[in-house]
Enquirer: 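Input: one structure, supplied below.
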Amino acid sequence: MRKKFAAQARLLLSVVLSLSLGLAGMPVQAIAETQAILAEQGAQQGQADNGSTAPESEATGESNDASQPQADSAGSQPAADASESEAEAEAPASDVAATDDPITVAQLKAALGQQPAEGDDQQQATLAAAIDAVIGSVNLGEDLTGYKPEDNRGLAINMGIVGYDTDLSAPCTGNAFLKMRETVNTFKAAAHAQMKQPLFLNGMAQPIFPFTTGAVEEDKYSNEDSDIIRYSVWVETNYDTDGDGKQDMVKAVVQLPRAAARGDYKAATIFEARPYISGCTPFGDISEVPGGEGYDMAKLHSKGQVHVPSSSTTTMGAAAKAKSSEWYYVSPYESGYDDQGNLTDPFMDYETLDWYDYYLCRGYAVVEAAGLGTRGSDGFETCGSDVEIDAFKCIIEWLHGDRQGFADREGTCQLPADWSNGNVGMTGRSYGGTTDFGLAQTGVEGLKTIVPVSGIASWYDYYNCQGTRTSDFPGDQLSSLAVYCAGRYIDRDDWGTIEKGYGNYLHQLQDDTLRGGSDYSDVWANRDYTVGNNNFKCPALVVHGLNDQNVTTKHFEMMYRSLKAAGVNTKLLLHQGAHMTPNSNNSYLVMTGDQSYDDVLNRWFSHYLYDVDNGAQDMPEVLAQSNLDANVWNAYDSYSTNTALKLGSSADRDTISLSSDYAGAGMTLDASSPDSWRPFHEKIANASSSSNATFVTPAFDQDVTIKGTVSVKFDVAFGEATGEKDDASPRSSAITPESDNMPVTAMLLDVSDQDFGAYDSTSSRWGKVPVQTLKANDYFMACGLDIIDVKQFSATPTKAKVIERGWVDLANPQSGFESQTASGSIKLEKGKYNSYTLYLQPNVYTVAQGHRLALVLLPYDQEYVSHDGTYTFDINAASVSASIPTNGFDGSLTASYLPTSGKPDNGNSGDNNGGNTNNGGATNDPNINNNPNHNEGGAEDETNVAASAKKGQAAKGTGLLPKTSDPTSLTACVALAGLGAGSVALGVRARRRRR
């Protein structure tokens with residue numbers, strides 16, 4: 001009977017996957033014939049193990065319900081196609097009835113072939129008891145799947161049997177039990193199949209693939225013993241950027257389930273392209289890198305000799321020779337050391353090795369690459385350039401079967417992606433999200449979708465904005481980030497082959513960048529993915545933190561505009577965090593409404609990479625976490641809006657004069673300290689000074705949601721500039737200090753007389769929004785992976801919160817929202833007025849009833865840049881206005897200038913009729929959570945140190961450090977880092993600079 005059932009299950013599973021995935025290319029007629037055969041066999045088959053019936057068909061199309069679990073017709077894969085009547089015929093006499101009546105513990109046990117105890121017939125079975133009993137009865141096998149009894153709830157959530165918020169103490173009905181048993185049997189059949197293929201239930205790929213970590217030192221890892229196969233591949237690119245006469249080779253690390261590697265099925269790929277991951281250098285800028293002899297940028301596109309293989313191998317052949325030192329080693333310049341040079345805090349690369357274990361357990365392959373100029377690859381690291389993007393594109397072409405790969409860097413042994421189904425999805429945070437967008441722009445075949453997280457759309461707007469810099473020199477420059485990511489430096493012999501040429505390239509890149517000042521130039525056009533030959537074809541789920549001041553929120557809107565203009569399906573997922581991923585790289589999880597972030601991506605990738613019909617493509621265009629209550633996620637049909645709050649101004653003077661002498665105004669701040677910048681925000685929101693002009697509205701009489709980019713208009717006349725040229729940002733002599741880098745900053749603030757809860761980062765530019773633990777050890781990732789905490793962003797009490805901010809240079813009045821509009825400066829003339837439209841960083845933010853808006857104009861932004869010297873300018877007070885896009889609200893308000901401390905009363909409100917923001921009957925925002933208790937208060941700052949601490953503990957606690965003369969070993973990394981006093985600071989600096 002067991003043999004017959006196992007054979008039946010394997011055949012059933014193969015049909016299921018053929019129906020859902022199309023992996024075998026089975027024609028519809030063949031599927032129908034096979035289903036008929038299976039139905040006939042099912043009618044002849046007796047009762048399965050443990051007294052459970054053969055799984056039912058999903059032909060009824062019933063939806064999944066938390067209290068009455070059912071196989072999901074949208075994306076679930078049935079393990080049998082028996083009709084309902086046939087399933088009932090097979091049911092044992094002791095089985096429960098298909099009703100909505102609660103069942104007893106006695107019925108539950110009898111239906112599972114267990115002997116009821118005395119009194120069981122008087123006790124109702126709860127959902128929790130039923131889950132434990134049903135999952136326990138099928139013996140999933142800890143040795144196979146890593147599952148333990150305490151994992152039952154998490155497993156049931158994954159299968160769609162219950163939801164995250166289901167009351168497991170509720171009674172279990174007959175229908176709930178039958179569907180639960182059906183689903184679990186489907187899962188078991190797939191998990192125990194001899195020929196494994198991905199299983200989809202509840203619209204998601206299920207964790208049926210056993211997992212083995214690759215984060216172990218070389219002599220303790222073998223692919224022969226691993227459930228996940230890992231190896232390296234080198235893909236030939238289109239250019240010879242390092243000028244060695246050969247086409248550059250770029251390294252990628254491949255991880256995939258053993259079943260895919262051995263040929264059970266063709267796997268889809270999740271690809272992350274992130275230059276940091278192979279290891280970074282100790283350089284914060286290029287001042288210590290020799291160079292300056294000049295470099296012809298056209299040489300980056302030189303062609304070299306192609307590689308001609310003399311042999312070939314397979315995935316398993318390459319895996320047999322792979323060593324874990326290819327992907328797991330100490331990053332010598334990012335680790336921490338004590339004053340004696342002893343390694344105290346190892347930083348292990350590949351940094352992202354374990355970030356996608358969730359997907360490996362569910363049948364996906366994961367490919368990670370650092371790109372040109374990084375450790376293990378050829379070429380120059382060029383920071384966002386077209387050749388960098390093109391090299392990553394070559395890896396996708398290899399996965400799609402359009403380009404050859406090699407088992408060695410020398411290109412002698414050909415290695416195809418023989419396990420790949422050709423479908424690639426990309427995700428990654430920061431630089432990893434940037435490459436997603438850059439590659440989508442190429443239109444490369446095989447790239448089916450992208451999920452960029454806090455990615456850069458245009459590198460110009462990462463370092464500048466509307467003609468002014470938003471980063472300090474020299475540490476925050478393209479050349480600085482390029483050399484920081486140039487991991488070839490770790491292997492000093494390899495570095496020696498490119499040191500001179502690459503040094504010349506870096507210095508030329510810096511010179512070319514500085515020659516244009518803060519204006520848009522060819523350097524930036526080469527790294528602007530929103531312009532040029534845009535071939536966006538793949539759908540995108542764009543993820544961004546609404547409090548991200550590292551990669552500012554303008555980038556998600558630039559991505560959105562470009563993708564929508566190309567006609568591709570585009571969604572936005574906007575959370576209240578800063579520069580982070582909602583699953584925090586598996587150290588903790590922030591829920592996305594009633595589902596986890598991993599669930600959202602699982603459904604998205606399952607739909608676009610495995611063609612699962614789960615409705616992922618129809619999710620709301622915008623999911624935005626509420627700033628009033630982080631437990632609320634608001635859904636919007638569109639990000640675009642045709643309604644706005646028009647903000648006018650009134651003042652008791654015609655001209656407002658401002659100076660960048662913050663010290664003289666008593667307005668200096670320490671951007672790294674909330675104790676400094678929070679009081680600064682409250683100060684500028686409630687009074688003007690010689691360094692800020694503040695306009696404040698009356699209190700709102702209803703909640704109003706801002707959605708999009710606020711534009712601020714004003715006329716300004718340059719006054720004078722004193723002091724030396726700004727040493728923090730040296731520019732070409734072609735640009736005078738009087739006409740470059742003299743910004744005007746605008747901030748729009750939410751202001752209240754009482755403290756209210758705001759999601760603010762722990763430091764102005766680089767910090768994290770604090771989180772608090774909601775449920776410890778609650779989120780189940782499966783297959784023996786860590787069960788992690790569920791956390792939520794924590795609000796901090798304040799009386800003023802910056803909603804949006806932006807910057808424009810006085811010499812760039814023509815600049816607009818798009819990067820390329822800042823392509824030219826004017827020479828300023830003292831006393832001559834120019835008109836400006838300044839675009840703030842977008843947000844989705846609800847201003848609560850009773851709060852006011854403050855529009856503040858200032859010189860340079862102390863929270864972003866430093867500035868030597870002093871400059872002044874005059875504002876035409878009557879010219880100040882703003883257009884604030886809203887969600888369904890049309891109205892107008894007058895903001896009154898505050899010369900000193902004080903608040904305008906509702907009588908001085910211009911054309912807003914005494915402060916009534918309804919303005920003629922505009923309806924309330926239907927998506928607003930009207931929570932009167934907006935003051936959630938503060939919480940302990942639990943910023944994300946778990947990931948680095950965990951890696952350090954693993955390395956120290958399990959002897960994972962290599963004991964060889966390799967430069968990534970303990971001994972060699974100590975020697976290379978030039979250890980001694982100050983070494984710890986070096987490691988900390990490097991770790992902090994990762995984006």
Enquirer: Can you see which heavy atom on Leu506 is nearest to which on Ala482, and at what distance?
Expert: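 What the structure gives for the nearest pair is CD2-CB, 3.9 Å.
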Enquirer: To the nearest 0.5 angstrom, please state how far the CE atom of Met426 sits from the CD1 atom of Ile270.
Expert: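 Going from CE on Met426 over to CD1 on Ile270, the span is 11.5 Å.
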Enquirer: Any side-chain heavy atom of Val235 sitting closer than 4.5 Å to one from Met249?
Expert: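 No, their side chains stay 4.5 Å or more apart.
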Enquirer: With sequence neighbours excluded, tell me which residues meet side-chain hydrogen bond (donor to acceptor under 3.5 Å, both in side chains) with Asp408.
Expert: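 side-chain hydrogen bond (donor to acceptor under 3.5 Å, both in side chains) check on Asp408 returns Thr412.
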Enquirer: Is the His867 ring parallel, tilted or perpendicular to the Tyr860 ring (thresholds 30°, 60°)?
Expert: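 Taking Tyr860 first and then His867, their aromatic rings lie parallel (interplane angle under 30°).
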Enquirer: Taking the cut-offs as 6.0 angstrom to the six-membered ring centre and 45 degrees off its axis, would you call Arg678 and Phe680 a cation-pi pair?
Expert: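 No - Arg678 does not lie over the ring of Phe680 by the 6.0 Å and 45° rule.
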Enquirer: Atom OG1 in Thr773, atom CG in Asp789: separation rounded to 0.5 Å?
Expert: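 So the OG1 of Thr773 and the CG of Asp789 are separated by 5.0 Å.
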Enquirer: Taking the six-membered ring for Trp, are Phe283 and Tyr489 ring centroids under 6.0 Å apart?
Expert: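 Distance test on ring centres: under 6.0 Å, yes.
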Enquirer: Can you find a heavy atom in the side chain of Leu372 that is under 4.5 Å from one in the side chain of Ser377?
Expert: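 Result no, sub-4.5 Å side-chain heavy-atom pair not found.
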Enquirer: State whether the number of non-hydrogen atoms from other residues, nucleotides or ligands found under 6.0 Å of Asp225 atom CG is greater than 12.
Expert: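 More than 12 within 6.0 Å, yes.
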Enquirer: Do the non-hydrogen side-chain atoms of Met580 and His575 ever get within less than 4.5 Å of each other?
Expert: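 The answer is yes, as the side chains (C-beta and beyond) meet within the 4.5 Å cut-off.
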Enquirer: Could you state the interatomic distance from CG (Leu589) to OG (Ser584), rounded to the nearest 0.5 Å?
Expert: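 Leu589 atom CG to Ser584 atom OG measures 9.0 Å (nearest 0.5 Å).
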Enquirer: So among Lys500, Glu499, His507, which one has a side chain to side chain contact (heavy atoms under 4.5 Å, CB included) with Pro290?
Expert: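 Single side chain to side chain contact (heavy atoms under 4.5 Å, CB included) partner of Pro290 among Lys500, Glu499, His507: Glu499.
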Enquirer: What heavy-atom pair brings Ser430 and Val551 nearest, and what distance separates the two atoms?
Expert: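 Answer, listing the atom of Ser430 first, then Val551: OG-CG2, 4.3 Å.
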Enquirer: Step by step, would you call Lys801 with Asn547 a side chain to side chain donor-acceptor pair (under 3.5 Å)?
Expert: CA-CA 11 Å; Lys801 157 73 177 176; Asn547 290 290; 2.6 Å; yes
Enquirer: How far does CD1 of Ile395 sit from CZ of Phe271, to the nearest 0.5 angstrom?
Expert: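 So the gap between those two atoms works out to 4.0 Å.
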Enquirer: Can you name the one residue among Lys251, Arg274, Gln255 that meets side chain to side chain contact (heavy atoms under 4.5 Å, CB included) with Glu368?
Expert: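 The single option meeting the side chain to side chain contact (heavy atoms under 4.5 Å, CB included) with Glu368 is Gln255.
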Enquirer: Do Arg469 and Val865 have side chains that approach each other closer than 4.5 Å (heavy atoms only, starting at C-beta)?
Expert: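 Yes; the side chains approach each other to less than 4.5 Å.
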Enquirer: Hey, is Glu326 close enough to Arg230 for a salt bridge, meaning N to O under 4.0 Å?
Expert: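 Looking at Arg230 together with Glu326, the answer is no, because their closest N to O distance does not fall below 4.0 Å.
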Enquirer: Please determine which of Tyr484, Tyr462, Trp459 meets the ring pair (Phe, Tyr, Trp, His ring centres under 6.0 Å) test together with Tyr431.
Expert: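 Only one of Tyr484, Tyr462, Trp459 forms a ring pair (Phe, Tyr, Trp, His ring centres under 6.0 Å) with Tyr431, namely Trp459.
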Enquirer: Within the 4.5 Å heavy-atom criterion, are Ile277 and Trp355 side-chain neighbours or not?
Expert: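 Ile277 vs Trp355: side chains apart.
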Enquirer: How close do Trp234 and Gly376 get, heavy atom to heavy atom, and via which atoms?
Expert: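 Minimum heavy-atom separation between Trp234 and Gly376: NE1-O, 2.8 Å.
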Enquirer: Centroid-to-centroid, Tyr350 to Tyr328, below 6.0 Å?
Expert: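 Ring centroids of Tyr350 and Tyr328 are no less than 6.0 Å from each other.
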Enquirer: Any side-chain heavy-atom pair from Trp495 and Asp493 closer than 4.5 angstrom?
Expert: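 Counting from C-beta outward, Trp495 and Asp493 never come under 4.5 Å.
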Enquirer: So among Gln625, Gln576, Gln772, which one has a side chain to side chain donor-acceptor pair (under 3.5 Å) with Gln792?
Expert: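 Only match with Gln792 under side chain to side chain donor-acceptor pair (under 3.5 Å): Gln625.
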Enquirer: Are the ring centres of Trp327 and Tyr221 closer than 6.0 Å?
Expert: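 Yes.
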Enquirer: If I take atom CG from residue Asp494 and atom CZ from residue Arg488, how far apart are they, to the nearest 0.5 angstrom?
Expert: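 Asp494 atom CG to Arg488 atom CZ measures 4.0 Å (nearest 0.5 Å).
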Enquirer: Are Thr427 and Tyr356 side-chain neighbours, meaning at least one heavy-atom pair lies under 4.5 Å?
Expert: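 Of all side-chain heavy-atom pairs linking Tyr356 with Thr427, at least one is under 4.5 Å.
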Enquirer: Do the ring planes of Phe380 and Tyr502 sit parallel (below 30°), tilted (30 to 60°) or perpendicular (above 60°)?
Expert: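 Correct class here is tilted.
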Enquirer: Locate the shortest heavy-atom distance separating Ser278 from Asp349; write the atom from each residue and the value.
Expert: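 Closest approach of Ser278 to Asp349, heavy atoms only: C-OD2, 3.9 Å.
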Enquirer: In the structure I gave you, are the side-chain heavy atoms of Leu669 and Glu863 within less than 4.5 Å of one another anywhere?
Expert: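 Yes, close enough: below the 4.5 Å cut-off.
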Enquirer: Of all heavy-atom pairs between Ser794 and Val769, which one has the smallest distance, and what is that distance?
Expert: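 For Ser794 and Val769, the tightest heavy-atom pair comes out as O-CG1, 4.3 Å.
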Enquirer: Is the positively charged end of Arg375 above the ring of Tyr329, judged by distance under 6.0 angstrom from the centroid and angle within 45° of the axis?
Expert: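 Checked: cation-pi criterion met.
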Enquirer: Give, for atom CZ of Arg527 and atom OG1 of Thr434, the distance between the pair rounded to the nearest 0.5 Å.
Expert: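 Spacing of CZ (Arg527) from OG1 (Thr434) equals 12.5 Å.
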Enquirer: Minimum heavy-atom separation for Ser761 and Trp677, please, with both atom names.
Expert: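 Closest approach of Ser761 to Trp677: O-CZ2, 3.1 Å.
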